[in-house]
Every structure is written in C-alpha cells, then in structure tokens.
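Below is one structure, written out as structure tokens; the observations come after it.
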Amino acid sequence: MPAVSIDRIENDLMTLAKIGFNEQDRGVYRQGFSDADMEARRWLMTRMEDAGMIARLDGAGNVVGRIGPEDAPAVMIGSHLDSVPAGGIFDGTLGVIAGLECIRVVQEEGIPLNCAIELVATSEEEGRFGGMLGAQALAGCVTLDWLESAKDSKGNSLKDAMAAQGLDHRAALHARRDPESLKAYLELHVEQGPVLEAEGKTIGVVEGISGVFKWMVRLIGKADHAGTAPMKLRSDAFQGLADFAHEINRIIEEDGTDKSRITIGYVQLKPGFAHTVPGEVDFTIVGRDLDPEVMKALAAACRRVLSAIARRHRLMFEYEQMSWLEPQACTPAIVDLIDRKTKARGYSHIKMPSGAGHDVQFLARVTDAGLIFVPSVGGVSHAPDEWTHWGDVEKGANVLLDCLIDLIADDKAT
C-alpha cells in the first residue's frame with residue numbers, strides 16, 4: 001500500500017513556517033496579501049515545479065499546480081497558506097503540504113491518471129478582508145462590489161492590498177471554475193478543537209460545515225446608583241444578560257442537537273462604572289448547527305427567551321441579525337470514501353461536524369467535496385502553540401493519499 005513520507009512533510013512544513021515567523025512571540029504572520037503571504041506562494045510554486053507540476057497564480061491569488069491530462073477534469077486537493085496574526089504552523093498549510101506529498105507519491109509509484117490532479121493553496125482564507133476570497137472566487141461567489149469595498153480591521157482595502165502585490169482585484173472574477181473542470185475536492189485540516197483528542201480518535205470524517213448566525217443584541221434598562229437603588233426596583237440590563245446566558249444549555253437541549261453551539265463572545269456594559277447599575281448591555285449571540293431547520297429553531301428560541309427575560313427585568317429588547325450562513329454538507333459519497341479508507345488503514349475515527357469555516361464549504365458548491373480532520377493537541381489553534389503530533393499528520397496524509405488514488409483511478413463520477 002503506497003504511503004507518504006512524513007520526513008518530507010515535516011521538512012516542508014518547518015521550512016514554510018519560517019516565512020512570516022516572529023521570533024518574539026513565536027507566531028506565524030502571513031496575513032492575506034502581505035509580503036510574507038506572497039513569499040510563501042512563490043515558494044510553493046517552486047516546490048510544485050520541482051515535483052513536475054505546471055504551477056500558476058490565478059486572478060484571486062490562488063496558487064494552482066497541475067499534473068495529468070490537459071483537457072481532463074481534475075481532482076483538486078489542498079487548503080490555504082495565509083495565517084491569522086501570531087498563528088500556528090499547521091492551520092491550512094498542513095492540507096497544502098500533505099497534498100504536495102500525495103502528488104509526489106502518485107508520481108513515484110507510477111499510479112496511472114484517469115484524470116488530472118490539481119494542488120491548490122487558496123488565498124485569504126482567514127478573513128482579513130471579511131471572507132474566504134480564494135475559495136469564494138473558485139466557486140464564483142464574489143462580486144465586483146465586494147472586491148472594491150472590502151476592508152480589513154485597519155481600514156486597508158482589499159483592492160489596494162492586491163495591487164501592492166501586483167494583482168488586479170478584478171481578475172478574481174475570472175478565477176471561477178466550471179464544475180465540469182473538477183471531479184472532486186479533498187481537504188486535510190487540523191481539527192482546531194478538542195473533540196478528537198478527547199475521544200481518543202485519530203481521524204475526523206467531517207460530515208459538513210455548520211451554518212452560523214450572528215446577532216447583535218441590546219437590552220436597555222435604567223442606569224441607577226448602585227447604593228441607593230433597591231434590588232427589586234432595578235431595571236438591570238446585566239441581570240438580563242446573565243439570565244439569558246444561564247438559559248443557553250436549556251435552549252440547546254430543547255431546540256438543538258449535539259452539534260448545536262450558542263456563544264456569547266462580546267459584551268459591553270453601559271455606562272460601565274463599578275458603582276452604577278448597568279442601564280444597557282450590548283452583546284453578540286453566535287449560533288451554529290449542521291441543520292438549517294435547527295438553526296431556525298435555535299434563533300426562534302433565543303428570541304422567545306430574551307423577550308421573556310426583558311419583561312421580567314423591565315427591559316427593552318432589540319437585536320440585529322448581522323449574518324446568516326447556511327450549513328454546507330460534504331458530499332455523502334466522499335464522506336463514505338474517507339470513512340472506508342480510514343477503516344482500511346485501521347485508524348480510529350469518528351464522523352463529526354466542523355464548527356469552523358473551511359475552503360471546502362465553497363468548493364462543495366461546485367464539485368463533490370470532503371474534509372478530513374486530524375487532532376489538535378489541547379484543541380489549540382490560531383496560536384503559536386498550535387500542534388499536531390507527527391504520527392497523526394502521517395495518518396491523515398495517508399488517508400488523503402488513499403482517497404486521491406481511488407478518485408484518480410476511477411474514470412466514473414463519484
């Protein structure tokens with residue numbers, strides 16, 4: 001049975017980690033369209049060419065390397081190269097480097113290609129400018145208006161950042177792939193969470209990407225003197241928030257599933273003084289689930305509970321829905337393929353959702369697509385101490401290899 005070289009994967013990952021590495025905090029700084037990000041893309045194109053691929057940079061900044069029949073559809077594998085500020089060395093890059101290694105093995109083993117293979121390193125996946133530009137462009141999910149208006153948290157525009165790297169933002173509109181040009185998409189990624197480690201499993205067979213809704217909520221009461229206002233006469237906005245936070249688990253038990261998540265990630269009290277009863281609280285609610293109907297049920301339950309709490313505490317309740325992203329299922333046939341290949345290797349595994357967004361959620365709109373997880377030590381990601389054991393990296397890459405070989409050997413549709 002063909003197998004990857006973990007030594008080559010480790011060497012490539014550690015070499016890539018030097019690009020954008022910060023000695024002070026030991027983090028990787030390769031934000032989308034930064035100098036370090038583009039240096040990493042040039043480095044990868046050289047590695048692709050060394051492996052016998054034809055490499056190019058498309059209009060969205062995606063690096064694409066290809067081997068195989070010129071006019072045949074391709075099995076695409078990969079992930080992203082950009083990082084969050086002070087990121088780790090595995091997030092995104094594991095899928096790219098493991099994909100590179102799989103192509104090397106296919107060539108070394110002389111495995112016949114009934115279709116082409118493409119390795120992609122998508123651009124701007126981490127959302128510096130508020131999206132997943134590379135994957136969205138491949139799926140035809142970007143507009144000129146968004147390309148010209150998108151800005152990062154410091155006010156820098158996407159179009160200016162691309163121009164500084166010699167790229168025309170309008171060319172991203174030409175990166176869209178015809179579904180007929182792709183046979184499937186496979187992505188290997190670190191879990192970025194604690195589930196696999198807690199369950200003692202090596203491989204996560206991802207069934208889909210959770211949908212996400214985000215609300216900005218405001219509870220308005222009455223600011224008052226903390227010493228003179230009796231407890232029973234207060235309109236304390238924070239008490240309303242505290243009551244709602246206490247109800248989250250019940251909401252999920254009654255209206256959600258084991259895949260549901262509700263999070264309060266941001267809170268601002270007003271006036272925010274130690275000796276004043278809070279007259280207003282602004283906070284976010286972010287809800288997630290794999291089922292769009294469950295998402296709707298969770299949202300409705302949140303509204304009901306907040307309305308009841310507001311009446312109880314003599315508060316006004318307002319909310320604005322900032323975003324609503326539908327769940328994206330992985331292709332059942334690809335999920336089954338990953339499951340079969342994992343079992344054939346004898347690796348422990350579970351089927352699971354992804355609560356975080358990944359390139360696969362957009363590629364799944366244009367082709368059959370699947371996602372493989374390997375454990376993150378301590379569930380840590382987006383941080384310098386992000387780590388995945390090399391043995392788990394090797395196993396995940398072998399599953400990716402086995403799935404790739406199956407897809408390129410099969411001249412039928414998945």
Side-chain angles (χ1 to χ4, degrees), residues 127 130 153 192-195 198 207-329 352-357 361 379 382:
S153 61
Q192 301 180 281
V195 175
E207 297 176 290
I209 311 298
S210 294
V212 183
F213 67 84
K214 179 182 177 181
W215 289 0
M216 179 59 74
V217 181
R218 176 170 294 161
L219 296 176
I220 304 170
K222 179 177 178 293
D224 226 327
H225 192 292
T228 61
M231 299 300 291
K232 65 180 181 179
L233 298 181
R234 294 182 179 189
S235 297
D236 187 333
F238 180 73
Q239 285 288 331
L241 169 61
D243 279 7
F244 175 74
H246 183 72
E247 292 293 318
I248 286 176
N249 286 339
R250 184 182 64 80
I251 290 171
I252 291 176
E253 288 170 2
E254 294 181 359
D255 296 281
T257 70
D258 62 341
K259 298 177 177 63
S260 299
R261 308 286 188 269
I262 296 176
T263 304
I264 300 171
Y266 165 86
V267 174
Q268 183 179 26
L269 293 176
K270 298 177 182 178
F273 182 63
H275 296 285
T276 303
V277 176
E280 182 179 314
V281 60
D282 297 331
F283 61 99
T284 56
I285 297 175
V286 174
R288 289 179 163 88
D289 198 86
L290 271 179
D291 186 326
E293 295 305 313
V294 173
M295 287 178 62
K296 293 175 185 176
L298 292 173
C302 287
R303 282 193 298 271
R304 287 195 306 271
V305 170
L306 282 164
S307 294
I309 288 171
R311 288 193 299 271
R312 185 187 315 146
H313 290 283
R314 298 179 294 278
L315 305 171
M316 288 179 58
F317 159 48
E318 301 174 354
Y319 82 99
E320 179 183 2
Q321 184 168 287
M322 309 298 291
S323 61
W324 185 287
L325 298 176
E326 290 288 313
Q328 178 61 61
M352 63 187 298
S354 172
Q361 69 194 83
H382 283 188

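This one's a predicted model, so the numbers in the text were calculated from it and none came from an experiment.
With Leu306 as the partner, the side-chain contact (heavy atoms from CB on, under 4.5 Å) test is satisfied by one option alone out of Leu241, Ile285, Leu315: Ile285. Checking Lys222, Gln268, Arg218 one by one against Glu280, the side-chain hydrogen bond (donor to acceptor under 3.5 Å, both in side chains) holds for a single residue, Arg218.
Neither side chain, Tyr319 nor Gln321, offers a donor N or O lying under 3.5 Å from an acceptor on the other. No side-chain donor-acceptor contact under 3.5 Å links Ser210 and Asp289. Residues Asp291 and Thr257 bring no donor and acceptor atom of their side chains to less than 3.5 Å of each other.
Atom NZ of Lys214 and atom OG1 of Thr263 lie 12.0 Å apart (nearest 0.5 Å). If you take CD1 on Ile220 and CD on Glu318, they are separated by 4.0 Å, rounding to the nearest 0.5 Å. His225 NE2 to His275 NE2: the interatomic distance, rounded to the nearest 0.5 Å, is 8.5 Å. Atom CZ in Arg314 sits 4.5 Å away from atom OG in Ser235 (nearest 0.5 Å). Atoms CD1 and CD, on Ile209 and Gln361 in that order, are 5.5 Å from each other to the nearest 0.5 Å. Here the straight-line distance linking atom SG of Cys302 with atom CG of Asp255 works out to 9.0 Å at 0.5 Å rounding.
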Exercise for the section: Check the pair Leu298, Ile262 against side chain to side chain contact (heavy atoms under 4.5 Å, CB included), reporting the backbone distance first and the verdict last. Expected result: CA-CA 9 Å; Leu298 292 173; Ile262 296 176; 4.2 Å; yes

Exercise for the section: Under the side chain to side chain contact (heavy atoms under 4.5 Å, CB included) rule, what do Val212 and Trp324 come out as? Steps first, then yes or no, please. Expected result: CA-CA 6 Å; Val212 183; Trp324 185 287; over 6 Å; no

Exercise for the section: Before giving the answer on side chain to side chain contact (heavy atoms under 4.5 Å, CB included), spell out for Phe213 and Met322 the whole-Å C-alpha distance, their side-chain angles and the decisive distance to 0.1 Å. Expected result: CA-CA 8 Å; Phe213 67 84; Met322 309 298 291; over 6 Å; no

Exercise for the section: Starting from the C-alpha separation in whole Å, work towards a yes-or-no answer on salt bridge (charged side-chain N to carboxylate O under 4.0 Å, His left out) for Glu247 and Arg250. Expected result: CA-CA 5 Å; Glu247 292 293 318; Arg250 184 182 64 80; 2.4 Å; yes

Exercise for the section: Kindly indicate, with the supporting measurements, whether the criterion side chain to side chain contact (heavy atoms under 4.5 Å, CB included) is fulfilled by Val217 and Thr284. Expected result: CA-CA 6 Å; Val217 181; Thr284 56; over 6 Å; no

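The shortest non-hydrogen separation linking Thr276 to Ala223 is CG2-CB, 4.1 Å. Summarising the geometry of Leu269 relative to Pro278, their closest heavy-atom pair is CD2-CB, 4.1 Å, with the distance given to 0.1 Å. For the residue pair Val294 and Gly256, the shortest heavy atom distance occurs at CG1-CA, 3.9 Å. Closest approach of Ala299 to Trp215, counting heavy atoms only: O-CH2, 3.2 Å. The minimum heavy-atom distance between Pro353 and Leu290, with the atom names listed, is CB-CD1, 3.4 Å. The nearest pair of heavy atoms linking Glu326 to Pro292 is OE1-CB, 3.2 Å.
The closest side-chain heavy-atom distance from Asp282 to Val267 is not below 4.5 Å. Between Phe244 and Val305, the closest side-chain pair of non-hydrogen atoms falls below 4.5 Å. Between Val195 and Met352 the shortest side-chain heavy-atom distance falls below 4.5 Å.
Ion pair Glu293/Lys296 flagged as a salt bridge, since at least one NZ, NE, NH1 or NH2 atom sits closer than 4.0 Å to an Asp/Glu carboxylate oxygen. With respect to Asp243 and Arg312, a salt bridge is recorded, a charged nitrogen being found less than 4.0 Å from a carboxylate O.
Atom CE of Met216 is surrounded by more than 12 heavy atoms from other residues, nucleotides or ligands within 6.0 Å. Within 6.0 Å of the NZ atom in Lys270, the count of heavy atoms belonging to other residues, nucleotides or ligands exceeds 12.
Formation of a donor-acceptor pair under 3.5 Å by the Arg288 side chain with backbone atoms of Gly355 is found in this model. With hydrogens and angles disregarded, a donor-acceptor distance shorter than 3.5 Å links the side chain of Ser354 to the backbone of Ala356.
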